[in-house]
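Since the structure comes first, as structure tokens, the remarks are kept for the end.
Remember, predicted model here, so these are calculated numbers, not experimental data. Index from 1, following the sequence.
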Amino acid sequence: MADKLLTKRQASTPSGGSPVPKMMKKGAGKFTLDDLSNPPSKDELSRYEDMPLERLPQKYKRQTDQRVFCNRSVDMHKIRYLGFDMDYTLCEYNSPATEELTYTLIVDQLIEMGYSEEFRKFRYRPDFPIRGLIIDRAHGNIIKTDAYGHILSVYHGHHRLQSDATRKHYPTRFLHSHEIGSNDFRVLNTLFGLPETSLVADVIHFFDSQAEYETLESGLGVQKGSTFLSYEAIYNDIRKAVDRVHDKGQLKTAIVGDLPKYVRLDARLPLLLDRARDHGKGMFLMTNSGYGYTESIMNYLFSVEGAKPWKSYFDLIIVSAKKPSFFQEEGTPLREIDQETGSLKLGEFCGEDPTGRVFSGGSVDHLNQLLGCQGQSILYFGDHIYGDVLKSKKLSGWRTFLIVPEIRHEIRSLKESQPHYEHLKNLEFMLAEVHRDLASDAQQAPDNSDLKTELKSAAQEINRCFNKHFGSIFRSGTRQSLFAAQSAQFADLYSSTLLNLINYPFFYFFHSEMDVLPHESRAWS
């Protein structure tokens with residue numbers, strides 16, 4: 001006999017949600033929630049009498065810190081292959097230890113390039129940067145915009161620019177879509193970019209604070225005697241230093257030298273992949289990291305009790321993928337790696353069986369051919385909005401799962417900001433009341449200046465609960481950030497960790513809730 005639909009809810013109340021209210025009297029032959037099987041049959045659904053929204057029980061949701069969030073519906077039953085990036089996806093780096101290490105190595109490179117030994121006193125500030133900020137190369141500014149390019153906040157060095165100073169550089173307080181992500185306005189969307197963001201502010205602040213350097217009226221740099229140092233040149237040097245740290249392998253060497261300090265170990269990872277395999281899911285690894293580093297990291301991640309050798313979990317392994325170029329038609333040549341020496345084998349791979357092999361480079365066409373699968377049958381997990389999610393979605397049609405570790409902090413901050421949010425909603429109610437019954441024939445505007453000031457202050461208090469400099473990575477007050485907009489547009493699913501997928505069956509239907517537009521909210525509430 002089938003379970004009733006509400007049996008589990010009644011057993012799990014209160015943790016499972018609010019109890020079901022006493023049912024209204026039903027019409028003849030009609031079913032209520034109490035009568036439905038789990039899941040309901042076609043006949044039951046045809047006879048079901050809808051409950052008014054105000055009486056409908058709260059929908060069951062898993063605990064927030066264990067959830068996978070859904071922007072667009074994904075039926076896991078239809079997913080044939082799960083694809084994974086490695087860095088910040090399969091491998092979660094410990095924070096802030098990894099950012100502090102990266103920051104220090106970049107500083108060392110800048111000193112080698114001729115910058116002051118005073119830089120060794122710099123320290124990474126984990127409470128300063130967030131993902132999704134924009135670097136204005138010419139002015140050395142760090143900018144946060146909303147989803148449409150409207151400027152929300154600007155920092156120059158350690159100082160937040162006030163409205164007048166912001167309008168001096170950006171008269172419309174707006175960046176066009178073609179500017180964002182251009183060479184002039186670089187978007188830092190990766191977790192690896194956090195130390196870079198912090199260092200830009202520290203170096204700019206250093207030169208602006210030196211008595212022997214004069215800050216130019218143009219706002220384009222500083223001058224010492226006959227020596228002009230532009231903010232753009234400073235940023236370019238920081239970028240060179242970042243590239244050197246990665247190209248020379250200094251960061252990866254340091255991480256591999258102390259894996260417990262920098263890499264989080266979790267026994268749920270092999271368990272999750274085992275369960276995926278048990279449900280018939282294929283899996284592949286595609287990372288920009290080289291083979292040697294990948295081998296070290298993956299061996300460590302799968303060193304937990306009960307785990308099998310890491311390569312046995314994957315039908316296809318691609319390192320040095322060079323994303324996002326990987327998603328372009330041409331990509332790069334697909335070459336096999338000699339797993340004993342780590343060297344590339346001669347020639348391009350043109351076989352059909354990837355079993356037991358490790359490849360370097362290639363393109364999405366190579367991957368589709370080797371797996372015999374493409375498009376929406378693939379769900380790809382990654383942390384990089386541009387390299388992992390945007391390009392795989394736009395150019396390949398893959399389903400996408402964005403890893404956002406910051407959600408853990410965001411959830412804590414949401415709880416902390418609750419009193420300020422309640423105050424904001426009260427103020428919004430007051431503002432609506434001030435304008436009640438006023439139409440176009442009103443001759444005198446009410447003085448609501450104090451109320452508007454308080455509204456702005458309440459929004460700022462909410463922001464400070466997330467990050468005292470830039471607020472939440474997803475919003476600023478009532479407006480969504482650029483990062484939030486890109487996540488919503490290109491990530492079908494997102495979560496703080498891919499391990500949260502372990503809380504769902506592999507036939508789960510992730511259903512996106514219906515978006516309610518402002519003009520619809522009153523009618524449907």
Side-chain angles (χ1 to χ4, degrees), residues 102-125 128-130 132-145 149-176 178-189 192-247 469-470 482:
T102 307
Y103 183 95
T104 301
L105 292 173
I106 299 171
V107 166
D108 289 343
Q109 287 299 316
L110 286 173
I111 293 172
E112 282 189 24
M113 294 164 62
Y115 281 84
S116 172
E117 285 284 339
E118 290 289 309
F119 281 23
R120 296 199 190 279
K121 298 178 182 178
F122 292 177
R123 294 293 180 269
Y124 174 69
R125 295 181 295 152
F128 180 76
I130 61 173
L133 300 178
I134 300 168
I135 305 294
D136 176 355
R137 288 176 181 262
H139 297 97
N141 294 333
I142 302 173
I143 305 169
K144 181 181 180 181
T145 72
H150 296 99
I151 293 174
L152 302 172
S153 56
V154 181
Y155 266 80
H156 184 81
H158 294 171
H159 302 293
R160 178 169 181 159
L161 298 188
Q162 300 304 311
S163 294
D164 290 345
T166 298
R167 289 192 182 280
K168 178 181 177 181
H169 294 300
Y170 318 102
T172 62
R173 294 183 64 92
F174 179 78
L175 296 180
H176 293 279
H178 69 270
E179 293 179 302
I180 298 174
S182 68
N183 189 56
D184 294 329
F185 293 93
R186 176 180 170 83
V187 183
L188 294 172
N189 270 332
F192 278 125
L194 296 179
E196 177 181 336
T197 306
S198 183
L199 189 56
V200 168
D202 293 340
V203 175
I204 296 294
H205 178 76
F206 174 84
F207 282 107
D208 285 351
S209 302
Q210 298 299 302
E212 62 267 32
Y213 282 94
E214 177 187 358
T215 302
L216 300 184
E217 184 66 25
S218 65
L220 297 177
V222 295
Q223 188 165 337
K224 177 182 178 182
S226 58
T227 301
F228 168 61
L229 183 59
S230 70
Y231 295 131
E232 183 170 8
I234 291 172
Y235 182 69
N236 289 342
D237 284 343
I238 292 174
R239 281 299 314 153
K240 290 176 185 175
V242 171
D243 290 340
R244 285 186 183 182
V245 166
H246 289 285
D247 293 344
H469 303 285
F470 293 104
L482 174 65

Separation of [Y] [atom2] from [X] [atom1] (nearest 0.5 Å):
{"X": "Leu175", "Y": "Ile180", "atom1": "CG", "atom2": "CD1", "result": "5.0 Å"}
{"X": "Thr102", "Y": "His246", "atom1": "OG1", "atom2": "NE2", "result": "6.5 Å"}
{"X": "Ile111", "Y": "Ser116", "atom1": "CD1", "atom2": "OG", "result": "7.5 Å"}
{"X": "His150", "Y": "Lys144", "atom1": "NE2", "atom2": "NZ", "result": "15.5 Å"}
{"X": "Phe206", "Y": "Tyr115", "atom1": "CZ", "atom2": "OH", "result": "10.5 Å"}
{"X": "Thr104", "Y": "Leu199", "atom1": "OG1", "atom2": "CG", "result": "10.0 Å"}

Checking His176 now: which residues fulfil ring-ring contact (aromatic ring centres under 6.0 Å, His included) with it, not counting sequence neighbours?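 In terms of ring-ring contact (aromatic ring centres under 6.0 Å, His included), with neighbours along the sequence ignored, His176 is linked to Phe174, His178.
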
Please test Tyr155 against Phe470 for ring-ring contact (aromatic ring centres under 6.0 Å, His included), starting from the C-alpha separation and ending with a verdict. CA-CA 9 Å; Tyr155 266 80; Phe470 293 104; 5.0 Å; yes

With sequence neighbours left out, write down each residue that passes side-chain contact (heavy atoms from CB on, under 4.5 Å) with Ala241, or none if nothing qualifies.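 Testing Ala241 for side-chain contact (heavy atoms from CB on, under 4.5 Å), a comparison that skips the adjacent residues, returns Ile106, Gln109, Leu110, Met113.
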
Is any side-chain heavy atom of [X] less than 4.5 Å from a side-chain heavy atom of [Y]?
{"X": "Leu229", "Y": "Gln223", "value": "no"}
{"X": "Phe128", "Y": "Ile142", "value": "yes"}
{"X": "Asn236", "Y": "Arg137", "value": "yes"}
{"X": "Leu194", "Y": "Pro129", "value": "yes"}
{"X": "His158", "Y": "Ile204", "value": "no"}
{"X": "Ile134", "Y": "Leu482", "value": "yes"}
{"X": "Val203", "Y": "Phe119", "value": "yes"}
{"X": "Leu161", "Y": "His169", "value": "yes"}

Test of understanding: with salt bridge (Lys or Arg N to Asp or Glu O under 4.0 Å), list the residues that count as partners of Asp184, not counting sequence neighbours.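 For Asp184 there are no salt bridge (Lys or Arg N to Asp or Glu O under 4.0 Å) partners, ignoring immediate neighbours.
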
Under 3.5 Å side-chain donor-acceptor pair for His156 and Asp208: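 Note: His156 and Asp208 side chains meet the donor-acceptor criterion.
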
Using side-chain contact (heavy atoms from CB on, under 4.5 Å), reason through Arg125 and Tyr103 one step at a time and then give a plain yes or no. CA-CA 10 Å; Arg125 295 181 295 152; Tyr103 183 95; over 6 Å; no

Is there a side-chain contact (heavy atoms from CB on, under 4.5 Å) between Arg173 and Ser163? Walk through the geometry before answering. CA-CA 9 Å; Arg173 294 183 64 92; Ser163 294; 4.2 Å; yes

Do other residues, nucleotides or ligands put more than 12 heavy atoms under 6.0 Å from Asp164 CG?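 For Asp164, atom CG is not crowded (no more than 12 foreign heavy atoms under 6.0 Å).
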
Please confirm whether the ring centroid of Tyr231 lies under 6.0 Å from the ring centroid of Phe207.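 No, they do not, as the ring centres are separated by 6.0 Å or more.
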
Salt bridge Arg239-Glu232, side-chain N to carboxylate O under 4.0 Å: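 No, Arg239 and Glu232 are not salt-bridged.
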
